[in-house]
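For reference, the structure discussed in these notes is given below.
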Amino acid sequence: MQIHFGLTLSEAMRMVPSIHIQEHQLWLTREITFNNEDRCVPFQTTEQAKILAELNQLTENHQSLIESHGYDAVLFAWRDALRVLKLPPRKSYRYVYAQLRQKQLGTTLSHYKTTLTIMDEMGLKSRTTLWGYLRG
């Protein structure tokens with residue numbers, strides 16, 4: 001969810017599919033976002049659709065991962081998956097989403113509009129934070 005939707009780990013764990021998955025976008029409500037503001041993330045890839053289908057299956061579409069499986073179990077599964085991939089668990093992987101979106105949008109939008117769009121989708125207020133994500 002960090003890589004393909006730009007979500008924080010907390011947002012991904014608290015998202016309820018029946019509420020937050022809309023027809024063409026994720027609608028992240030202020031109750032689950034890190035900055036307490038609503039935002040939308042458009043669906044762009046088939047990989048996103050696969051991830052959401054798996055999330056629906058894991059949560060039976062009605063609960064968050066935390067409600068379905070418990071916080072500790074979700075955190076353990078996440079850390080274990082990262083360990084298998086030999087990725088550090090203390091790192092956020094939202095930067096991958098920012099970089100992918102910059103490549104997608106940069107061909108059709110101005111640099112300024114691309115920056116604002118990515119910041120909106122990720123719920124960022126600071127261009128410095130986005131710049132850090134884009135540098136990896």
Side-chain angles (χ1 to χ4, degrees):
M1 300 295 286
Q2 290 179 0
I3 292 172
H4 293 284
F5 294 97
L7 304 187
T8 65
L9 178 61
S10 175
E11 291 167 344
M13 291 175 21
R14 288 171 171 72
M15 191 176 70
V16 178
S18 61
I19 295 171
H20 298 108
I21 298 174
Q22 305 289 301
E23 188 175 346
H24 300 291
Q25 65 187 6
L26 279 184
W27 172 48
L28 301 166
T29 56
R30 63 187 57 123
E31 294 83 24
I32 68 167
T33 59
F34 74 94
N35 63 355
N36 298 318
E37 291 186 11
D38 291 357
R39 72 177 196 269
C40 295
V41 179
F43 300 150
Q44 302 290 323
T45 67
T46 56
E47 188 65 31
Q48 288 175 317
K50 291 177 191 175
I51 291 167
L52 294 176
E54 189 174 331
L55 179 66
N56 280 330
Q57 187 176 22
L58 287 170
T59 63
E60 298 179 3
N61 200 33
H62 302 294
Q63 298 179 315
S64 69
L65 287 169
I66 291 173
E67 293 168 330
S68 297
H69 304 285
Y71 178 81
D72 291 333
V74 173
L75 194 58
F76 176 81
W78 177 74
R79 286 182 177 154
D80 193 50
L82 290 176
R83 182 187 54 75
V84 168
L85 296 170
K86 297 183 170 106
L87 295 172
R90 294 179 193 239
K91 185 172 183 169
S92 171
Y93 295 94
R94 296 179 78 202
Y95 76 91
V96 177
Y97 179 81
Q99 292 173 353
L100 291 172
R101 287 300 280 157
Q102 184 183 40
K103 287 178 186 172
Q104 291 170 341
L105 297 171
T107 59
T108 57
L109 299 176
S110 69
H111 176 72
Y112 178 75
K113 186 70 173 165
T114 296
T115 298
L116 290 181
T117 301
I118 296 169
M119 287 176 65
D120 278 348
E121 290 175 7
M122 295 182 72
L124 303 175
K125 298 290 181 201
S126 165
R127 289 177 197 231
T128 305
T129 302
L130 178 59
W131 182 82
Y133 284 143
L134 294 175
R135 299 302 167 253

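Just so you know, residue 1 is the first one in the sequence shown, and it goes up from there.
- The backbone N or O of Gln44 lies less than 3.5 Å from no partner atom in the side chain of His24, so there is not a single donor-acceptor pair.
- Atom CG of Leu134 is separated from atom NZ of Lys103 by 10.5 Å, given to the nearest 0.5 angstrom.
- Put simply, Leu87 and Leu9 are part of the same group of oily side chains (I, L, V, M, F, W, Y) that touch within less than 4.5 Å, one to the next.
- Atom CE of Met119 is separated from atom OG1 of Thr129 by 7.5 Å, given to the nearest 0.5 angstrom.
- A donor-acceptor pair is defined here as one N or O able to donate and one able to accept, closer than 3.5 Å; no such pair exists between the side chain of Glu31 and the backbone of Leu28.
- For Arg14 against Ser10, the heavy-atom pair with the smallest separation is NH1-OG, 2.9 Å.
- Residues Val74 and Val16 do not share a hydrophobic cluster, defined by chaining ILVMFWY side chains whose heavy atoms lie under 4.5 Å apart.
- Taking 4.5 Å as the limit, every side-chain heavy atom of His111 sits out of range of all side-chain heavy atoms of Leu116.
- Criterion: ILVMFWY side-chain heavy atoms under 4.5 Å apart, direct or through other members. Under it, Val96 and Leu124 are part of a common hydrophobic cluster.
- Heavy atoms only, all atoms of each residue included: Arg79 and Pro89 are closest at CG-CB, 4.2 Å.
- Put simply, the side chain of Gln2 never gets that close to the backbone of Ser92: no donor and acceptor are under 3.5 Å apart.
- Residues Gln63 and Thr59 come closest through the heavy atom pair O-CB, 3.0 Å.
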Handout entry: Trace of the side chain to side chain donor-acceptor pair (under 3.5 Å) decision for His20 with Thr29
Key = CA-CA 7 Å; His20 298 108; Thr29 56; 3.0 Å; yes

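- Atom CZ of Arg90 has 12 or fewer neighbouring heavy atoms from other residues, nucleotides or ligands inside a 6.0 Å radius.
- Inter-residue side-chain proximity for Met122 and Arg94 is flagged as met; some heavy-atom pair is nearer than 4.5 Å.
- Under the 4.5 Å side-chain heavy-atom criterion for ILVMFWY residues, a single connected hydrophobic cluster contains both Leu85 and Leu100.
- Classification of the Phe5-Phe43 ring pair by plane angle, with boundaries at 30° and 60°, yields perpendicular.
- Across all non-hydrogen atoms, the minimal contact from Gly123 to Phe34 is O-CZ, 3.3 Å.
- Using a 4.5 Å heavy-atom cutoff, the side chains of Met15 and Leu26 are in contact.
- The distance from atom CD1 of Ile32 to atom CZ of Arg39, rounded to the nearest 0.5 Å, is 8.0 Å.
- Cluster membership for Met13 and Phe76, using ILVMFWY side-chain heavy atoms within less than 4.5 angstrom, is not shared.
- Distance check: Asn56 CG to Ile51 CD1 gives 12.5 Å after rounding to the nearest 0.5 Å.
- Pairs passing the side-chain hydrogen bond (donor to acceptor under 3.5 Å, both in side chains) check and including a residue from residues 113-125, sequence neighbours excluded, read Glu37-Lys125, Tyr97-Glu121, Arg101-Glu121.
- Within a 6.0 Å radius of OH in Tyr71, no more than 12 heavy atoms belonging to other residues, nucleotides or ligands are found.
- Of the options Glu54, Gln48, Glu47, a side-chain contact (heavy atoms from CB on, under 4.5 Å) to Lys50 is made by Glu47 and by none of the others.
- Remark: the backbone N or O of Ser64 is paired with a side-chain donor or acceptor of Glu67 at under 3.5 angstrom.
- Residues His69 and Leu58 meet the side-chain proximity criterion, which asks for heavy atoms closer than 4.5 Å.
- Not counting sequence neighbours, the partners of Lys91 by the side-chain contact (heavy atoms from CB on, under 4.5 Å) test are Pro88, Tyr93, Tyr95.
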